[in-house]
Amino acid sequence: MHDAYEPVPILEKLPLQIDCLAAWEDWLLVGTKPGHLLLYRIKKDAGTNRFEVTLEKSNKNFSKKIQQLFVVSQYKILISLLENNIHVHDLLTFQQITVVSKAKGATLFACDLQQSPSGEAQLRMCVAVKKKLQLYYWKDREFYELQGDFAAPDIPKSMAWCQNSICVGFKRDYYLIRMDGRGSIKELFPTGKQLEPLVVPLADGKVAVGQDDLTVVLNEEGVCTQKCALNWTDIPIAMGRGWPASGPKTLSLYLSTHKHFLLISLRDCLTKTLDDMGFPPGIYQFVPYPQANLRSCRRSIHHVILWLATGRMSCMPRCSLHITLYLPPTDPTHVIGLYPDLLPADYRKQLHYPNPLPSLSGAELEKAHLALIDYLTQKRSHLVKQLNDSDPSTPSPLMEGTPTIKSRKKLLQIIDTTLLKCYLHTNVALVSPLLRLDNNHCHIEESEYILKKAHKYSELIILYEKKGLHQKALQVLLDQSTKANSPLKGHERTVQYLQRLGMENLVIIFEFSPWVLKICPEDGLKIFTEDLTEVETLPRDKVLNFLKEGFKELAVPYLEHIIHVWEETEPEFHNVLIQLYLERVQGLMKQYLNSLPEGVPAVAAGKEEGDLGEFRNKLLCFLEVSTSYEPGRLISDFPFDGLLEERALLLGRMGKHEQALFIYVHVLKDTHMAEEYCHRHYDKETDRNQDVYLSLLRMYLSPPDVHCLGPIKMELSEPRANLMAALRVLELHHSKLNTTKAIDLLPANTQIREIRVFLESVLEEKAQRKRFDQVLKSLLQAEFLRVQEERIFHQQVKCIITEEKTCRVCKKKIGNSAFARYPNGVVVHYFCCKDRGVCPTEQ
């Protein structure tokens with residue numbers, strides 16, 4: 001493994017116990033347990049990794065207890081936690097500048113130095129005092145309160161600034177406190193088993209937080225910025241950060257455990273471990289190796305790749321350590337070729353390697369596959385980002401003369417197909433997420449072959465679906481539906497698949513839905529009625545025709561769904577539903593009438609038992625409720641010798657009230673239904689419906705000839721007048737009748753006493769109306785007189801426009817122009833009158 005750092009001793013065999021350190025530029029500050037403060041100057045020898053260390057200054061009486069040191073070189077100050085209080089000293093002379101008196105009892109502080117847009121440094125400080133957090137800012141050689149104190153749930157053990165938030169570690173949990181004026185607190189997660197919480201500030205305003213053997217990186221919202229956490233082999237007890245010489249953006253993380261000290265580059269995959277190496281206690285500087293050493297690694301690139309192939313890199317945290325960033329842009333197919341059976345045999349024969357390939361099997365092969373997955377995942381991400389670049393980089397061969405693949409799409413196809421194979425060997429649960437990717441480039445035929453070979457039919461369905469091969473997917477579902485041990489047994493997956501296809505695949509839906517409709521009509525109908533956008537937007541006329549041709553019994557529930565649930569108003573669908581109801585009712589009616597014993601009358605419409613009662617009730621209710629069907633087109637389908645209630649409803653919808661009422665009064669002989677009919681249709685605002693009660697009265701008193709109302713082929717006695725029913729209509733509905741026309745319909749021999757109640761009701765109503773009109777007339781007359789009086793009053797006011805009269809607004813003469821006069825006598829040009837409610841004042 002490549003060494004990223006070399007440990008170089010700075011101070012060895014120091015006779016004093018070191019409690020805290022602070023460093024800047026070439027200077028090192030050391031705080032000791034007895035309270036001594038030591039300042040060292042460190043100079044690097046040219047050409048070597050050795051340092052010249054000089055003690056420049058010491059202060060043996062700096063403090064009785066030095067707990068924490070922080071240097072702000074921009075302000076030339078040293079901030080320290082001494083005897084549980086915050087002190088500020090001059091960095092050069094150690095002279096005390098100020099003491100933060102309010103921070104007495106402090107146990108911890110954290111500083112944050114930022115650059116303002118103008119380039120000026122801004123220093124903020126957070127101090128933990130018992131269960132409170134105090135915020136300060138530095139100005140004019142003094143710390144001032146930034147805002148009020150924040151209450152903390154416990155005594156802080158560790159904390160760091162994270163842009164405008166502070167991440168605080170307590171004994172049991174981590175919290176994020178927002179500096180937004182309200183001090184909102186967000187609980188993050190427990191600290192785990194470790195004794196002290198670890199919070200370290202990182203670049204870009206982020207923090208690294210430790211939880212047992214894991215380390216996560218959080219932003220100011222408390223959201224993890226990595227796909228997964230760093231996983232260590234031991235629980236760290238300390239953690240820090242640094243920037244090695246390989247570049248300013250290459251962040252290193254160092255941590256200490258009870259057994260060893262480890263430095264790891266979060267981007268470079270370079271490590272240095274000091275474990276049982278006999279290092280004496282002291283202070284060491286870890287010097288990063290020069291970039292040239294990294295380049296030398298490329299000359300032995302095949303060794304690194306062989307490490308990867310044999311799984312020897314598997315001990316590293318795979319989520320964060322990207323070895324490929326330090327490798328040349330090697331053709332990934334050459335790395336894949338290190339593994340058996342991952343590339344086509346013809347292409348693999350063309351690849352050459354500097355050393356014989358290792359033979360892997362069992363656990364070693366699984367580790368190698370896991371390492372290859374990490375490598376290919378990184379390569380894939382890199383290629384996807386550059387997929388549309390106009391200037392593609394050419395991958396390098398592992399050995400000269402070995403062919404390379406230049407097409408990014410071809411490389412992605414090989415990488416995705418290889419990842420699929422690796423997942424099948426290591427973690428089958430990852431196969432489905434790979435295949436569901438929108439930019440999945442798996443080779444169809446090869447992926448199809450390996451999935452079938454592995455009997456992964458659920459994953460094969462996903463492959464087909466994402467590639468648009470719906471017929472193949474549905475055929476697999478059909479084949480697997482009858483296999484006892486198959487996870488795709490049954491019809492549920494087929495229903496779900498068909499529901500997602502949409503109108504552009506209607507032919508495929510009609511091709512593969514029949515087998516489901518046959519074995520389970522109820523579930524099969526959900527293909528066309530589920531509350532999904534893809535289902536609801538299917539062309540309903542074509543679906544209806546499909547069901548009517550092959551599954552007519554399902555056409556009714558389909559129509560009921562689109563009309564009652566999806567609120568379909570197209571007349572054709574309402575017409576068809578009525579016709580289907582009618583067909584079903586007619587078929588059941590014949591069976592019902594044939595089953596009745598001789599002389600036993602039929603029950604009322606819709607009250608029959610079984611399916612007949614259910615469907616006839618549906619037909620009657622739909623004819624009454626729906627407003628979208630076309631009665632003129634449907635009336636001819638209803639016979640004259642039966643289903644008279646339904647026919648009456650159609651006649652009523654057509655406005656033929658006398659024919660409908662004839663059926664109720666003289667055929668069905670049901671005066672209650674006749675009056676209910678009038679109640680439903682009466683509308684005094686509509687010409688054809690305002691005299692419906694008059695038609696009922698006429699039907700009672702002057703029934704028409706049977707032959708005048710159409711060929712109703714039933715044994716009917718001659719209709720007779722029903723004076724009692726007519727008189728009841730007069731009494732109950734006198735307000736809905738034209739009195740003159742109603743009296744004209746009465747027989748000449750009608751006694752006054754028979755219509756006394758009717759006449760009294762009419763006269764009383766007329767009297768009430770007359771009194772109401774008289775009162776209204778008097779009120780209107782009074783209003784008229786008031787308006788006239790007001791008009792006369794206003795007309796008495798005179799406005800004389802002389803030649804000298806000027807406009808109050810523009811100061812010009814009114815002359816012959818149109819003008820406006822305010823109630824207080826002010827006159828202005830009409831054009832100058834902008835607001836009638838506000839009179840202009842003198843300027």
Side-chain angles (χ1 to χ4, degrees), residues 211-216 224 226-233 269 305-324 332-333 335-344 358-384 411-467 473 476 480 485-488 493:
Q211 185 187 45
D212 293 336
D213 56 352
L214 301 177
T215 297
V216 296
C224 184
Q226 295 176 295
K227 292 183 178 178
C228 53
L230 299 175
N231 194 344
W232 312 107
T233 57
C269 191
I305 295 178
L306 289 177
W307 287 347
L308 185 66
T310 57
R312 294 172 190 170
M313 299 296 290
S314 60
C315 62
M316 306 300 292
R318 292 190 298 273
C319 294
S320 305
L321 305 179
H322 303 319
I323 189 171
T324 56
T333 61
V335 179
I336 300 171
L338 295 165
Y339 295 73
D341 303 326
L342 292 183
L343 287 177
S359 177
L360 303 173
S361 61
E364 287 188 350
L365 181 59
E366 183 175 355
K367 288 183 178 180
H369 278 135
L370 291 173
L372 180 62
I373 287 171
D374 287 345
Y375 168 77
L376 293 179
T377 302
Q378 298 160 30
K379 277 291 183 183
R380 185 187 193 281
S381 177
H382 184 68
L383 286 171
V384 169
L411 282 174
L412 282 170
Q413 187 180 67
I414 295 173
I415 287 174
D416 282 359
T417 307
T418 305
L419 281 173
L420 175 62
K421 296 177 181 178
C422 291
Y423 289 152
L424 286 171
H425 286 301
T426 58
N427 190 350
V428 179
L430 296 176
V431 172
S432 296
L434 172 66
L435 296 174
R436 286 195 179 97
L437 290 175
D438 292 333
N439 56 1
N440 162 35
H441 293 82
C442 285
H443 188 273
I444 296 176
E445 288 77 10
E446 190 170 357
S447 301
E448 179 183 37
Y449 172 76
I450 60 178
L451 288 171
K452 284 183 176 179
K453 185 177 180 181
H455 302 288
K456 299 298 179 184
Y457 294 104
S458 295
E459 291 78 5
L460 181 61
I461 299 302
I462 299 173
L463 173 70
Y464 285 148
E465 184 177 12
K466 297 302 289 187
K467 298 297 183 182
V476 171
Q480 294 293 313
N485 297 324
S486 174
L488 301 177
R493 283 288 299 273

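Bear in mind that the values here come from a model prediction, so they are computed numbers and not experimental data.
Two residues are said to be in side-chain contact when any heavy atoms from C-beta on lie closer than 4.5 Å; T418 and L372 meet this criterion. For the pair K467 and N440, the minimum side-chain heavy-atom distance is below 4.5 Å. Taking 4.5 Å as the limit, some side-chain heavy atom of K466 sits within range of a side-chain heavy atom of D438. Under the 4.5 Å side-chain criterion, counting only non-hydrogen atoms from C-beta, I462 is not in contact with V431. Using a 4.5 Å heavy-atom threshold, the side chains of N439 and R380 count as touching.
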Test side chain to side chain contact (heavy atoms under 4.5 Å, CB included) applied to L435 and E459, step by step: CA-CA 8 Å; L435 296 174; E459 291 78 5; 3.9 Å; yes
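Residues meeting the side-chain contact (heavy atoms from CB on, under 4.5 Å) test with S486, sequence neighbours left out: Q480, K483, L488. Listed by chain and residue number, Y423, N427 satisfy the side-chain contact (heavy atoms from CB on, under 4.5 Å) test with L430 (two or more places apart in sequence, or in another chain).
The NE2 atom of H441 sits 14.5 Å away from the CG atom of L420 when rounded to the nearest 0.5 Å. Between atom CD1 of residue I414 and atom CD1 of residue I336 there is a gap of 6.5 Å, rounded to the nearest 0.5 Å. In this structure, the separation between CG on L370 and OG1 on T426 is 5.5 Å, given to the nearest 0.5 Å. To the nearest 0.5 angstrom, S432 atom OG is 11.0 Å from L463 atom CG. We find the CG-OG1 distance between L342 and T333 to be 12.0 Å, quoted to the nearest 0.5 Å.
Residues P332 and I415 approach most closely at CG-CD1, 4.1 Å, considering heavy atoms. Heavy atoms only, all atoms of each residue included: I373 and C422 are closest at CG1-CB, 3.6 Å.
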Mind listing the side-chain donor-acceptor pairs of residues 447-455 below 3.5 Å, one per line with the distance, residues two or more places apart or on another chain?
| from | atom 1 | to | atom 2 | distance (Å) |
| --- | --- | --- | --- | --- |
| S447 | OG | H443 | O | 2.6 |
| E448 | OE2 | Y464 | OH | 2.1 |
| E448 | OE2 | K472 | NZ | 3.4 |

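In this structure, H369 contributes its side chain and L365 its backbone to a donor-acceptor pair below 3.5 Å. For S381 (side chain) and T377 (main-chain N/O), no donor-acceptor pair under 3.5 Å exists by modelled atom type.
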